[in-house]
Colleague: 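Next up is a structure, given as structure tokens.
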Amino acid sequence: MRLLATGRALRAGSGRWSIASCRGRTLVPPSHLQYTAGVGLRYSSSTSAWTNDAVIERTKSAPTNQQRRLTTSAQQTITIGGYPYPADEWTNTPETILSHVGRGLYLDENHPLTITRRLIESQFPGPVYGNYVEQNPVVSTAQNFDVLGFPPDHPGRSRTDTYYVNRDTVLRTHTSAHQQAYFKRMNQNGKTHPEEVGYTVVADVYRRDAIDRSHYPVFHQMEGARLWKRPKTDPLRYSAQTSAAIMEDVKKIPVHDMVVDDPNPTIHPERNPLQAEHHSAEEVEAIAAHLKRSLERMVLKIFSEASKAADGSSSPKQDPLKVRWVEAYFPFTSPSWELEVFWQGDWLEILGCGVIKQDLLINSDVPDRVGWAFGLGLERIAMLLFNIPDIRLFWSRDERFLSQFKAGKITRFEPFSKYPACYKDVAFWLPSSAATGAGAPGGVMPFHENDIMEIVRDVAGNTAEDVKLVDEFTHPKTGRKSMCYRINYRSLERTLTNKETNELHEKVRTRLVEKLGVELR
Ligand code: DAH
């Protein structure tokens, strides 16, 4: 099942299948904790200047390519952003992925991802919201999973889905990894910036996943949250006052006339429960009202810009915008929702959100606040805003791509050319010991589709456009399983020669045998 709220949602219970084999290498210094505990760069919208925010200094000068490169030394270390991390048997982050670290696409004002980021930030302005970016993707497993309440056996923790730097350290799989730091910081800044009670943060996130035109192992998310203070002692006694104060803020958000389908009650005892120990239903109604109106307004802004851009082009006329709220589950919110938009004939998941788990706020130095949070994937929004057909294009350094976009403008991408596709199949028998199915992180699991994706990506990089399972069967007598994958090799920038695709494909075949122990057919 593919979950797309934020590019790929990290809901609990997402039924993905299994755990990777472990490939030994890499490691982390105690320093990573100090490096990742802080919060990011602040963007000042009035001047378009980047200023270093005071709280915790953590922005280093941009690392050189040399520093960024994975260095497997005699002591088995991996260097990311100039910092060495100890490798261990959990390490599964290849050089091809590390080469994306520090590229900072969301800092280039004329890049479609930054233009999208700015558009969304404009709906969450200061002084209530601070708008931030987080440049260092290395976080602890505690930040990425534990403090957010991910259970130990959540599939998102597996090495088939997540890039581990080592056992305790990952490349963040979502911007929620920074929630705790931002809440802590809100507490620290309570005296100096009491008016800043919300934030947005943009960052690059990393997930092992399929290869196709809308999935790339590195993508970008924006996370946002908004908190309100309650009395420190016995807050539920004052819940009427708290709710009234929140409703006052709801009234300040301009109303809109978009069609919103919201059929479910805010709270449902089984499907979308109240955190009864901490919140009153009245408070949750108020928080949900604020959350929904804020996010509807943001979506309306994005999609009216998208329609305007499409109107100027040859695309068919747009229907009036329709959105719907769908009940959801995330380990760190309750109740939770996804917001979907009806766009060009399909319901499209745009974001995940909910009422923040109070335990998370308690563990983040803001026990006396309540609030909401959301997370969304920037690529999927940018792809429809700019009509960008292939997610790999965001990483292009080709001027024919880059020169098409200007800060503050939503324009339709004009494909500069389409180079020929080259399809090649690879069929193999899985090793007889191999199985597919769910497993615990760290457990033994010889085969996962993402391992195939990783091999193709390692060999072919961005020339692999798409990898699909086209055939699969189990031999009736031997019980062995056979699979056939079709790889589409196509460069975005030039025509590949037959010789080079053959060589790439041959390498993929060899690696499949070496790394996964398959038998080619
Ligand atoms: N982190 C989630 C994901 O990657 C998205 C998300 C959902 C973020 C709900 C939130 C939230 O802050 O409240 O799928």
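Atoms considered below: every heavy atom in the structure, side chains included; atoms not considered: hydrogens, waters and symmetry mates. In each ligand, atom 1 is the first atom listed, and ligand 1 is the first ligand listed. Small disclaimer: the values here were computed from a predicted structure and weren't measured.
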Colleague: Any heavy atom of W372 sitting closer than 4.0 Å to ligand 1?
Modeller: no

Colleague: Taking only heavy atoms of Q179, which atoms of ligand 1 are found under 4.0 Å from at least one of them?
Modeller: 12 (O)

Colleague: Of all the atoms in ligand 1, which lie at a distance below 4.0 Å from a heavy atom belonging to F330?
Modeller: 7 (C), 9 (C)

Colleague: Going by the ring pair (Phe, Tyr, Trp, His ring centres under 6.0 Å) test, name the single residue among F394, Y106, Y206 that passes it with H220.
Modeller: Y106

Colleague: Is there at least one pair of N or O atoms, one from G352 and one from ligand 1, spaced under 3.5 Å apart?
Modeller: no

Colleague: Side chain, backbone, both or neither: which part of S176 comes within less than 4.0 Å of ligand 1 when only heavy atoms are counted?
Modeller: side chain

Colleague: Ignoring hydrogens and angles, write down the donor-acceptor pairs under 3.5 Å from the side chains of residues 259-266, residues two or more places apart or on other chains.
Modeller:
unit_1, atom_1, unit_2, atom_2, d
D262, OD1, K292, NZ, 3.4
D262, OD2, K292, NZ, 2.9
T266, OG1, E285, OE1, 2.8
T266, OG1, E285, OE2, 3.3

Colleague: Using the ring of W347 (Phe, Tyr or Trp, six-membered ring only), decide whether R324 places NZ or CZ under 6.0 Å from its centre and within 45 degrees of its axis.
Modeller: yes

Colleague: Of all the atoms in ligand 1, which lie at a distance below 4.0 Å from a heavy atom belonging to T333?
Modeller: 13 (O)

Colleague: Return each pair, listed once, that meets side-chain hydrogen bond (donor to acceptor under 3.5 Å, both in side chains) where at least one residue sits in residues 355-365; pairs must be two or more places apart or across chains.
Modeller: H279-Q358

Colleague: Show your working on ring-ring contact (aromatic ring centres under 6.0 Å, His included) between H100 and F219 and close with a plain yes or no.
Modeller: CA-CA 10 Å; H100 294 74; F219 61 107; over 10 Å; no

Colleague: Return yes or no for this condition: an N or O of G224 is under 3.5 Å from an N or O of ligand 1.
Modeller: no

Colleague: Any N or O of H174 that comes nearer than 3.5 Å to an N or O of ligand 1?
Modeller: yes

Colleague: What's the shortest heavy-atom distance between I78 and T93, and which atoms?
Modeller: CD1-O, 4.1 Å

